[in-house]
Amino acid sequence: MANVLRVPKLDLPAVLAQQNPQIDLRLEAYEVSTRNFIKAVSNYTQRAVTEITNRKNNFNAEKKRFAEKTQQVETETNQCKLKEIELIAVLDKEQEEKKESEASVAAFRRQLASIKEKCASLDAEIELHRRNVSNLMRERKREENILQAHASRTHPEVAACEDRLKCAIEGIDKDKILVRFSHIDPDDLNAEFSFVLDVSSRAYKVPTTTPYLPILPLLLDELNASRDIYAFMRRIRQAFCELAEQGR
């Protein structure tokens, strides 16, 4: 720290009383003091400038850091805004997809309900058909039993007829009877003489004969009048025999 010059009090009457009055201004001390003061002011100024510069530099650095931070925050904010926009778009899309999914689910549920109703209706129809089939099978079984009973009763008659008329009788297709005669032609006892009798309606029909019989319409009229199939078969055989005799 600089020394402080202490100036003694001036005794003016004593000075004036001297023969050659002089006042010691202590200029050297004053100059030294002035230099010290100027130096102190200069040092203070230098320290002040340095401090101001440091503060300015710190302020500029802090300002730059704050500006960078602000820029970073703005960049992050903009990125967040972009992400927010993207998320809003995704949410909107998900909402649309959710609505579509809900609509699809509702449609599928309606279809499922409709299918269940149809299934229930079909189950009822199937059960009805099963009952009908069961009834038909019982009816068919009953008819088969009746036919078997009838066949067992008529089998001896058919066998006797086949033996007597030298023929073979068998059912073909539906409601048709094939009758094949043998021992017609003495030259060829195995030659085929046959006819098919259609009994599907009340009026008997003969769709085919082998060979052709010219008197077949007449014989059919007699059959439909008499309803005697055995007599018809005897007349057919007789007609075949006559036809074979004519061809010899």
Please list, one pair per line, the donor and acceptor atoms closer than 3.5 Å that link side chains of residues 72-82 to other protein atoms, with sequence neighbours excluded.
from  : atom 1 : to    : atom 2 : distance (Å)
Gln72 : NE2    : Glu76 : OE2    : 3.2
Thr75 : OG1    : Gln71 : O      : 2.8
Thr77 : OG1    : Val73 : O      : 2.5
Asn78 : ND2    : Glu74 : O      : 3.2

Please confirm whether Phe240 and Phe193 have ring centers closer than 6.0 angstrom. yes
Is the shortest side-chain heavy-atom distance between Leu223 and Leu220 below 4.5 Å? yes
dist Leu122:CG -> Glu127:CD (nearest 0.5 Å) comes out at 13.0 Å
Could you go step by step and tell me if Arg65 and Glu68 meet the salt bridge (charged side-chain N to carboxylate O under 4.0 Å, His left out) rule? CA-CA 5 Å; Arg65 187 184 66 80; Glu68 291 176 352; over 6 Å; no
Ion pair check, Lys99 and Glu102, cut-off under 4.0 Å: no
Do Leu197 and Ile169 share a hydrophobic cluster (ILVMFWY, side-chain heavy atoms under 4.5 Å, transitive)? yes
Atom of Met233, atom of Phe181 and distance for their closest heavy-atom approach: O-CZ, 3.7 Å
Look up atom NZ in Lys69 and atom CD in Glu62, then write down how far apart they are to the nearest 0.5 Å. 12.0 Å
Is any NZ, NE, NH1 or NH2 atom of the basic residue among Arg142 and Glu139 found under 4.0 Å from an Asp or Glu carboxylate oxygen of the other? yes
Quick one: pull up CG in Asn224 and CG in Leu219 and give me the separation to the nearest 0.5 Å. 11.5 Å
Salt bridge or not between Glu192 and Arg180? Use side-chain N to carboxylate O under 4.0 Å. no
Ignoring hydrogens and angles, tell me if any N or O in the side chain of Ser42 forms a donor-acceptor pair with the backbone of Ile38 under 3.5 Å. no
Does the separation of the ring centres of Phe66 and Phe59 fall below 6.0 angstrom? no
Please check: side-chain N/O of Ser121 versus main-chain N/O of Glu117, any donor-acceptor pairing under 3.5 Å? no
Indicate yes or no: at least one non-hydrogen side-chain atom of Lys64 is less than 4.5 angstrom from one of Asn60. no
About how many Å separate CD1 of Ile52 and CG of Asn57, when rounded to the nearest 0.5 Å? 12.0 Å
Below 4.0 angstrom, N of the basic side chain to O of the carboxylate: do Glu51 and Arg55 qualify? yes
Please go through Val41's hydrophobic cluster and name the other residues, only I, L, V, M, F, W, Y counting, with side-chain heavy atoms under 4.5 Å joining them. Phe37
Out of curiosity, Arg109 CZ to Lys116 NZ, how far, rounded to the nearest 0.5 Å? 10.5 Å
Side-chain polar contacts of residues 202-218 - donor-acceptor pairs under 3.5 angstrom, sequence neighbours left out - could you list them?
from   : atom 1 : to     : atom 2 : distance (Å)
Thr209 : OG1    : Pro211 : O      : 3.0

Quick one about Arg138 and Ser134 (side-chain donor to acceptor, distance below 3.5 Å, no hydrogens or angles considered), yes or no? yes
Below 4.5 Å, heavy atoms only, C-beta onward: do Val179 and Ser194 meet side chain to side chain? no
How far does CD1 of Ile229 sit from CD1 of Ile236, to the nearest 0.5 angstrom? 12.0 Å
Minimum heavy-atom distance between His183 and Arg237, given as atom pair plus value: O-NH2, 3.1 Å
Do any N or O atoms from the side chain of Ser101 and from the backbone of Glu97 form a donor-acceptor pair under 3.5 angstrom? yes
In this structure, would Phe195 and Val199 fall into the same cluster of hydrophobic residues linked by side-chain contacts under 4.5 Å? yes
